[in-house]
Every structure is written in structure tokens, then in C-alpha cells.
Amino acid sequence: MSSSKQPLVIIAAAITDQARAKRVQQALLDRGVRAVLSTEVGVAEKNARLIVLCSPASLKCQPLNNFLEDFTWSHGVRHIHVVGIETERPVLPMALRAERRSNGSFWTLPKPPVLGALYNDEASVEVLADEITHETNADVGLSLARSVATSVAHRPLAIGLAFASAMMLGVTVWQADQISAYQDEAAQAQAFTSRLLTDITEHLPHAARQETLIRLADDLTRTYLGSDIAGLSDDELGRRARLFNLIGEARDRHGQPQEAREAFQAAYDMTAALLERSPNSLQRVYDHAQAAYWVGNQAYRSGDMVTASTYMDIYAEMAEMLVTREPDNPSYQAERGYAALNLGVIDLDTGNPVSATALFEEAVSIFESGLIDEHVIGLSDLGNTLGWLADARRDSGELEQALATRERELALYRQELEQSPGVSRLLSRVAHAQGEMAGITSELGQAERSAELLDEALDTVNALFETSPENDAYGRLYIQLIYQRARIALSREEMVRAQLLIGEARRLAARTNENGENDTLYLTRTWAQTLAGELAFRVGSYETAVLETTQAISAGEQAIANGKEIARAALADAYYIRGEALNALGRQGEAQTMYRSALNQLGMIAEPKPLRAFDLESRLYWRLGDMAQAMQLRRSLEARGYESLAFRDFWLEVDQGLTAQAETSTQGG
């Protein structure tokens, strides 16, 4: 095999271990292997193998952990191997021990396979280089695992899994003698297969794991959920709980939300049984907290806010129990912070920004109490929480406070970028924060600053998206920023630019909408189609505006049916633009119906309403002939510093009309 066709090998190590990393790199280069240091290349191509040299220094080396988080975030956990320095049982960096969800808890990651140990001698370097070379020249594990999973999908479970396990082990790090050892220990075929499958799936590359589990999920569910858990040992019950969590993730990714919920619920029931057996075990409490998180998280993303709230409450109770028993444990303090963050997200999405603000402030306070210095959370974790707090403050009408909070968030990301320049995960967060700041500054009447923030953010995300066009997260952020920039173009009467921007966003959305019809529970589509309708209205294409906003209304109604109360403001916008288009077509009766529908939606938003909701209310009251109520809302908004371009343009037109009427009346008199 020529070196040009080999996967790239990236060697990552703590700063104090760089000399060893260079020795390994040179040994690989001598063997014709494409090898680079992580400090030289950053996060590279997706088929790269990552070799992590692990020593005690790697545990808290921030640049190393930033690189590892970025690598796994961008590409998934694939082809990652670890090497112990002076030991065959390496200490893993924090980024390979647990993953921190953007709005949730720590989630323990499967341990990457250990290639061996690196000692202070040339022989161990040569042995390691040979092992890595062998791995790069025999990269067949993924396709073989998939073919095996396909062949056993219709076999009886106990026989099929044992056979699949034996075949997969042949292409990973285990040997046949370990199969025999497991078989001797297993009292039943189910225990034997669950042990094998759990170990295998935790060590397989991510894509192969998902493929394997989805093939076997139906058989596993029928077999394991059909048996009584009362007689199972703790070890077996724990393995099954882990297995059903993995199945839940696999089903979730394959678009099977109901089946995913069933799997997560099964894992929850099993961890509850384990906790009941050992109520004083902190590990059992922690495991049950994680299981509750997964049920709640899946329910939240499916729009079932009642279930999400129930299980996030349980997660918070478990976190509080951990802190009560070990108040000085920073990891448990972090769990309590994430519990508050989760509950705040649910409150915000269900229209309760005041209670959400209090929960986010609690999470910020916990995260700022030394957890960053303890390396339990990172600067990005605190930044993300500040972002949620800014959203709650904005929805509460506290625009200046929201902007200041977003500025704090942005400063944290930039501080982290100074430590790890060019990290794509951080760059995308910077761009997202800038986009949100642009929305706030627009409402404060700072149109120029809003445009500058968006242009800078678009430049960043465009570069990320061009480098990794398959990354859906980059695509969605890019689309969101384009729509925001298009709205500014509309407000400036730059119709051609707005049309081009909206067309580009729609083209990209067709490529990157990974969830099919369930586009962020329909909320994004409501916003996008409303904006398209507004563009059509502005250029005089009233029939097109009616068609676009009709589709936006349909999507908004589905978003609300899925529990997204925050969609009511977007739905009200869609009704309003449809009313404006119908009014322009001379269909005043239908237009009045749309205006009243918009007003009804705004009336169902819990207090305190976002200022942009009061803005739309003022315009709706004016259109419906209630001039006194409209002017009262207008004056209230102006007194609070609200000056969005759409708001100012509407009332400027009204004032000009009133002035013209007055002049005409005077002349006529």
C-alpha cells in the first residue's frame, strides 16, 4: 500500500510529552506512514487515526484536551487509540473520560483501545511504530463489523451474538482466548452475549457501533425486556443498562424516537433497580442520574415537555443527593449545575423566562465556584450557560442585560481560543454568539453593529463549512446567520441581496436538514418561510407571500403541537405577514382574520413577553383599529429603548400618514 493512500496518523500528547511524540512520529515516517503531530495540523481529515500518548500530565493539559474535544466533536469517536507512557494502564485525558453535553450532564465515554506502552527506550518506540503501521495497513474493521452485523441479524440471539462477537473480536483488540474466558464465567447464554456485546460496542468505532446495535436492537429488546430482572446479578443488570443506553442512542440517530424512548426507559428502570439494591452507593446514584437525563433529553427533543420535565427533575434530585453526600466533590457540583441548566432550558422553551433566568443564574454561580480551576468544566461550558441566560434575559425584555451576558460569553470563547488557536468547535461558538448579539443589537436599533457582527460570523462559519461541508452543525448555523443577514437586507430595502441570501439559505437547508420533516421541531422552517414571505411581500409578489406564509403557519402550528411554546412569536409573525399580503390583495376580511390570529398567539405567550412580541402587538392593534392600545404599546417600547428597524419603519410610516392627513384636513378647512 502506498503511503498516499494510507490514513493519516495524528499523534497527540501533553506539552511535557512532546519529545516522545516526535520520536514516535519519526519512527512512523521511517516506515512510510503519514504521521503528523496534533500541534502541527489541528483537526485533520475524517479517516485519520488518532494516537494519544497518555501520562499523568495529559489529564489536565488544556491544549491537549481542547484538541481531543474538537476532534471527537467534529468527527466522532473513530480510530482513536491510546498509548500509556511508562505504563500499560494509561491515565486518560479528561476529554476521553467523559463528554459534556451542550445542555446536559457528563456522559462517560467508552475507553479507547490501548495499543501498548511507551518507555524511555528505543525498543518500545520501534514496537509501537510497528503496531501503528500494522493498524494503518489493515484498516478493515469497520466494513467487516458491518457485514457481520448484517449476516447475524436474522439468527437466534444467543447463537447469532456469540458468532458475531467472535468475528468482531478477530478484527479488534481481543483474542479468542478471551471469548473462552467470558464463556466460562457466564452462567447463561444471555449473560454471555450481553457481556460480549457490551464490551465490543464500547470499543468499536462509533459508526460501526451504531450499525451493529441497530441491526440487533429488535432481537435484544425482545430477549432482554422479556426476562425478569429480579434474578439478575448486579454486574449483568449494569451491563444491560449500559447496553440499552447504547441502543437508545443508536435508535435515536436512526430516526426511531419511540423505540429510543423505550430503550432509554429500560435502562432507567434497570439503574433504578440497582439503586434500590444499593441505596448508599454513590456510583448507583450517579448512574441513575445519567439514565434519567437520557430519558428526559430524548423526550425534550421529541417535544414531550411534560416527560422531559419529570425526568430532569429526577436528574436534579439525584445530583442534589450526590452533593449532599460529598459536598466537596467538584464533579458532583458540576452535575448540580447541569441539572439547573437542563431545567432552565425546559422552562425557557415552555414560555417561562423568569424561572429560567433564575435556574441559569444558579448554574452560572455553580460553574464559577472553582470548577474551571479544578478542570471539571471548561470555559466553553460556562460560556454555553451564559448564552442560555442571555436568551432568557432577552425574552424577559432585558435587552441591555442580555447583550452584556452575550459579551461575557464571547469573551470566554475568545479566551479559550487564545489557548488553542483555530479550534473549529470554539470558532463556531464565537460565530453563534455573534449572531445572537446581532439580533439583540438590531432590537436596540444598532443596525450597523448588527450587520458587522453578522458579516464577521458569516466569514467564520463559511470557512468552517467549506472545510467540512458534511458537518450538519456548521450547516445549520450558516443557514441561521444567512437568514439573519437577509432580514437586515430587507430592512434596508436591499431586495436583490435579500433574495440571493434567502435562496442560498434554502439551497443549503435542503442539503443539511438531517432530520427530514422534523426540522428542529418545525421552528426553523416557520422562521425561514415567514422571511421568504416577507421578501415576496416587499417586492410586490403578494400571492407568493400568501403561499410562503401559509406553509410557515403550518410548520409553526406543528412546532407548538410538539411543545415548543417559543414558536408562538414566530407563528404570530407568519400570520401578520400573511395578513399584510392579503390586505394588499384587497382581501381585507381575510387579512383581519390573520391579524386577530396573530394577536391570539401573542396573547398566549406567558408574561413577561419578549419586547419583540409587544412590537408586533402594537402593529396588530393599529391594523385592527385600536389606535389607543397601539400607541400605548409604542410609547412603552420607546421608553425601554426598543428601536428595531421594522418597528421604527412602521411607526415612521404611520406618523407620516397622520401628518399628511392633518395637513389635508387643515387645508380643507
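If you run ring pair (Phe, Tyr, Trp, His ring centres under 6.0 Å) between Y338 and each of Y332, W388, F367, F360, only F367 comes through. When each of L341, L371, V323 is checked for a side chain to side chain contact (heavy atoms under 4.5 Å, CB included) with I366, only L371 meets the rule.
A salt bridge does not link R449 to E452: none of the charged nitrogens lies less than 4.0 Å from a carboxylate oxygen. Contact check on R394 versus E436 returns a salt bridge, with a Lys/Arg side-chain nitrogen under 4.0 Å from an Asp/Glu carboxylate oxygen. A salt bridge links R393 with E361; the closest basic N to acidic carboxylate O contact falls under 4.0 Å. Taking the charged nitrogens against the carboxylate oxygens, R242 and D287 have no contact shorter than 4.0 Å, which rules out a salt bridge.
Between the side chain of D121 and the backbone N or O of S124 there is at least one donor-acceptor pair closer than 3.5 Å. Although no hydrogens or angles enter the test, the distance criterion places a donor-acceptor pair under 3.5 Å between the side chain of R31 and the main chain of A27. Under a 3.5 Å cut-off, the side chain of Q484 and the backbone N or O of G435 do form a donor-acceptor pair. Proximity of a side-chain donor or acceptor of E416 to a complementary backbone N or O of S380 within less than 3.5 Å is detected. Judged by distance alone, with hydrogens and angles left aside, the side-chain atoms of E409 form no donor-acceptor pair with the main-chain N or O of N384 at under 3.5 Å.
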Kindly indicate, with the supporting measurements, whether the criterion side-chain contact (heavy atoms from CB on, under 4.5 Å) is fulfilled by L118 and V24. CA-CA 9 Å; L118 187 62; V24 174; 3.8 Å; yes

Assess the residue pair Q333 and R336 against the criterion (side-chain hydrogen bond (donor to acceptor under 3.5 Å, both in side chains)); give the C-alpha distance rounded to whole Å, side-chain angles, the decisive distance to 0.1 Å, and a yes or no. CA-CA 5 Å; Q333 289 286 351; R336 193 161 66 90; 3.2 Å; yes

Trace of the ring-ring contact (aromatic ring centres under 6.0 Å, His included) decision for Y268 with Y293: CA-CA 9 Å; Y268 174 85; Y293 165 78; over 10 Å; no

Run the side-chain contact (heavy atoms from CB on, under 4.5 Å) test on M318 and L275 for me, step by step, so that the C-alpha distance in whole Å, both residues' side-chain angles and the decisive distance to 0.1 Å come before the verdict. CA-CA 11 Å; M318 296 294 104; L275 180 58; 4.1 Å; yes

E40 and K22: salt bridge (charged side-chain N to carboxylate O under 4.0 Å, His left out), yes or no, with the steps? CA-CA 11 Å; E40 299 170 349; K22 290 178 180 178; over 6 Å; no

Between L68 and V52, is a side-chain contact (heavy atoms from CB on, under 4.5 Å) present by the stated rule, with each step listed? CA-CA 9 Å; L68 294 175; V52 185; 3.8 Å; yes

Run the side-chain contact (heavy atoms from CB on, under 4.5 Å) test on S428 and Y474 for me, step by step, so that the C-alpha distance in whole Å, both residues' side-chain angles and the decisive distance to 0.1 Å come before the verdict. CA-CA 7 Å; S428 68; Y474 297 159; 4.1 Å; yes

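Atom CZ of R408 sits in a sparse spot, with 12 or fewer heavy atoms from other residues, nucleotides or ligands closer than 6.0 Å. Other residues, nucleotides and ligands contribute only 12 or fewer heavy atoms inside 6.0 Å of the CD1 atom of I15.
Expressed to the nearest 0.5 Å, how far CG of D347 lies from CG of L359 amounts to 5.5 Å. Taken to the nearest 0.5 Å, the OG1 atom of T357 stands 7.5 Å off from the CG atom of L348. Interatomic distance, CG of L322 versus CG of N329, reported as 8.0 Å (0.5 Å rounding). Separating the OG1 atom in T460 from the CZ atom in F465 is a distance of 15.0 Å, to the nearest 0.5 Å.
Using modelled atom types, one finds no donor on one side chain facing an acceptor on the other under 3.5 Å when comparing Y286 with S331.
For the pair R429/R425, a side-chain contact is recorded, criterion being any heavy-atom separation below 4.5 Å from C-beta on. Side-chain contact between L379 and Q419: present, with at least one pair of heavy atoms (C-beta onward) separated by less than 4.5 Å. No side-chain heavy atom of M270 sits less than 4.5 Å from a side-chain heavy atom of R239. Annotation: side chain of R284 is in contact with side chain of D234 (closest heavy-atom distance under 4.5 Å). Looking at D381 and T385, their side chains never come closer than 4.5 Å, going by heavy atoms from C-beta outward. Inter-residue side-chain proximity for I51 and V83 is flagged as met; some heavy-atom pair is nearer than 4.5 Å. Using a 4.5 Å heavy-atom threshold, the side chains of L410 and R406 count as separate. Proximity of L403 to M437: side-chain heavy atoms (C-beta onward) are separated by under 4.5 Å at one or more points.
Nearest heavy atom pair, residue G248 against residue F264, reads C-CZ, 3.4 Å. Of all heavy-atom pairs between G84 and P90, the closest is CA-CB, 3.5 Å. Scanning both residues, A12 and S38, for their nearest heavy atoms gives CA-OG, 3.6 Å. Taking both residues in full, the closest heavy atoms of L426 and S420 are given as CD1-O, 4.4 Å, listed atom of the first, atom of the second, then distance. Considering every non-hydrogen atom in both V285 and M321, the closest pair reads CG2-SD, 3.8 Å. Here the closest heavy-atom approach between residue I377 and residue A334 is recorded as CG2-CB, 4.1 Å.
For Y315 and H288, the ring centers sit 6.0 Å or farther from each other.
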